[in-house]
> 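Structure in structure tokens, see below.
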Amino acid sequence: MRHNIFLFCIVLAVGLSSCAQDYKKLSDSEIDKSKVRIAQEFATNYLNQSKNGMTYVFKDEATSELKNLLTPETQKNVYQSIKKQFGDFQNLEYIETYADKNVVSSGIQRFKGSFGEKDKKLEVRVVLDQTDKVAGFWIKPWSDMLK
């Protein structure tokens with residue numbers, strides 16, 4: 001179980017760290033609200049499925065690479081780890097969007113996720129590719145800065 005979580009985190013970290021320096025925070029006028037909606041619906045549906053003891057069934061909303069990473073077993077293991085440390089998922093609040101300076105059509109949508117009875121905040125990050133498919137998804141401790 002720990003191996004799967006560790007491997008999942010490593011793959012995502014390596015993939016995103018290679019381009020993290022080329023991202024800029026978008027102003028309100030630059031934000032594509034449809035992309036925020038896509039990301040928020042995906043994250044909310046995914047986390048609610050996990051909260052209810054089920055696994056998320058991917059359709060055409062995500063890249064094949066992400067689908068292959070988030071197997072049913074990995075989904076269950078990751079959520080159980082989050083639940084044990086922070087409690088059950090409650091809700092998401094949109095915070096901001098970052099986009100590649102060279103490819104503004106893709107982007108990182110950042111949400112503050114509330115977990116557990118103590119309303120603990122975690123970052124729920126959804127990366128959309130140029131075709132609005134979910135290409136990255138992870139949950140980590142909240143930081144006001146994109147890391």
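Values below: every heavy atom of this structure, side chains too, minus hydrogens, waters and symmetry copies.
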> Does a side chain donor of either T55 or K76 reach within less than 3.5 Å of an acceptor in the other side chain?
no

> When rounded to the nearest 0.5 angstrom, what distance separates CG in N91 from CZ in F111?
12.0 Å

> In Å and rounded to the nearest 0.5 Å, what is the CD to CG distance from Q75 to L47?
10.0 Å

> Decide if atom CG of D28 counts as having more than 12 heavy atoms of other residues, nucleotides or ligands within a radius under 6.0 Å.
no

> For residues N48 and F89, determine if any side-chain heavy atom of one lies less than 4.5 Å from a side-chain heavy atom of the other.
yes

> Applying the 4.5 Å side-chain criterion to the ILVMFWY set and letting contacts propagate, would F58 and M54 be lumped into a single cluster?
no

> Just by modelled atom types, is the K147 backbone N or O under 3.5 Å from a matching donor or acceptor in the K140 side chain?
yes

> Would you compute the distance between atom CD of Q85 and atom CD of Q80 and round it to the nearest 0.5 angstrom?
12.0 Å

> Would a single hydrophobic cluster contain both F137 and W142, if residues Ile, Leu, Val, Met, Phe, Trp and Tyr are joined by side-chain heavy-atom contacts under 4.5 Å?
no

> Walk me through whether T97 and V36 qualify under side-chain contact (heavy atoms from CB on, under 4.5 Å).
CA-CA 8 Å; T97 299; V36 173; 4.0 Å; yes

> So D88 and F115, side-chain contact (heavy atoms from CB on, under 4.5 Å) or not? Walk me through it.
CA-CA 5 Å; D88 265 325; F115 288 79; over 6 Å; no

> Which value, rounded to the nearest 0.5 Å, describes the distance between T131 atom OG1 and K133 atom NZ?
5.5 Å

> Could I get the full list of side chain to side chain donor-acceptor pair (under 3.5 Å) partners for S64, not counting sequence neighbours?
none

> Looking just at side-chain N and O atoms, do Y79 and Q49 make a donor-acceptor pair shorter than 3.5 Å?
no

> Test side-chain contact (heavy atoms from CB on, under 4.5 Å) on L70 and Y56; report intermediate values, then the result.
CA-CA 9 Å; L70 292 176; Y56 186 83; over 6 Å; no

> Begin from the C-alpha positions of E123 and R125 and carry the test salt bridge (Lys or Arg N to Asp or Glu O under 4.0 Å) through to its verdict.
CA-CA 6 Å; E123 177 180 351; R125 188 180 295 185; 2.5 Å; yes

> Quick one: do L69 and T74 satisfy side-chain contact (heavy atoms from CB on, under 4.5 Å)? Show the steps, please.
CA-CA 8 Å; L69 279 174; T74 300; over 6 Å; no

> Return the minimal non-hydrogen interatomic distance between D132 and L128, and the atom names on each side.
O-CD2, 4.0 Å

> Please report the closest heavy-atom contact between L122 and P141, naming both atoms and the distance.
CD2-CA, 3.8 Å

> Answer yes when D100 and K24 have at least one side-chain N-carboxylate O distance shorter than 4.0 Å, and no when they do not.
no

> Which heavy-atom pair separates D144 from E96 by the least distance, and what is that distance?
O-OE2, 4.1 Å

> Between E93 and K112, is there a salt bridge with N-O shorter than 4.0 Å?
no

> Once rounded to the nearest 0.5 Å, what's the spacing between atom CZ of R110 and atom OG of S143?
6.0 Å

> Could you give the distance from NZ (K33) to CD1 (I31), rounded to the nearest 0.5 Å?
5.5 Å

> Nearest heavy-atom pair of A62 and K67: which atoms, and what distance?
O-CE, 3.2 Å

> Between the side chains of D22 and Y98, is a donor N or O closer than 3.5 angstrom to an acceptor N or O?
no

> Report whether L146 and V127 are members of the same hydrophobic cluster (ILVMFWY, side-chain heavy atoms less than 4.5 Å apart, transitive linking).
yes

> Show every donor-acceptor pair shorter than 3.5 Å between a side-chain atom in residues 38-46 and any protein atom, with sequence neighbours excluded, or say none if there are none.
| unit_1 | atom_1 | unit_2 | atom_2 | d |
| --- | --- | --- | --- | --- |
| T44 | OG1 | Q40 | O | 2.8 |
| N45 | ND2 | E41 | O | 3.1 |

> Which heavy-atom pair separates Q109 from K35 by the least distance, and what is that distance?
NE2-CB, 4.0 Å

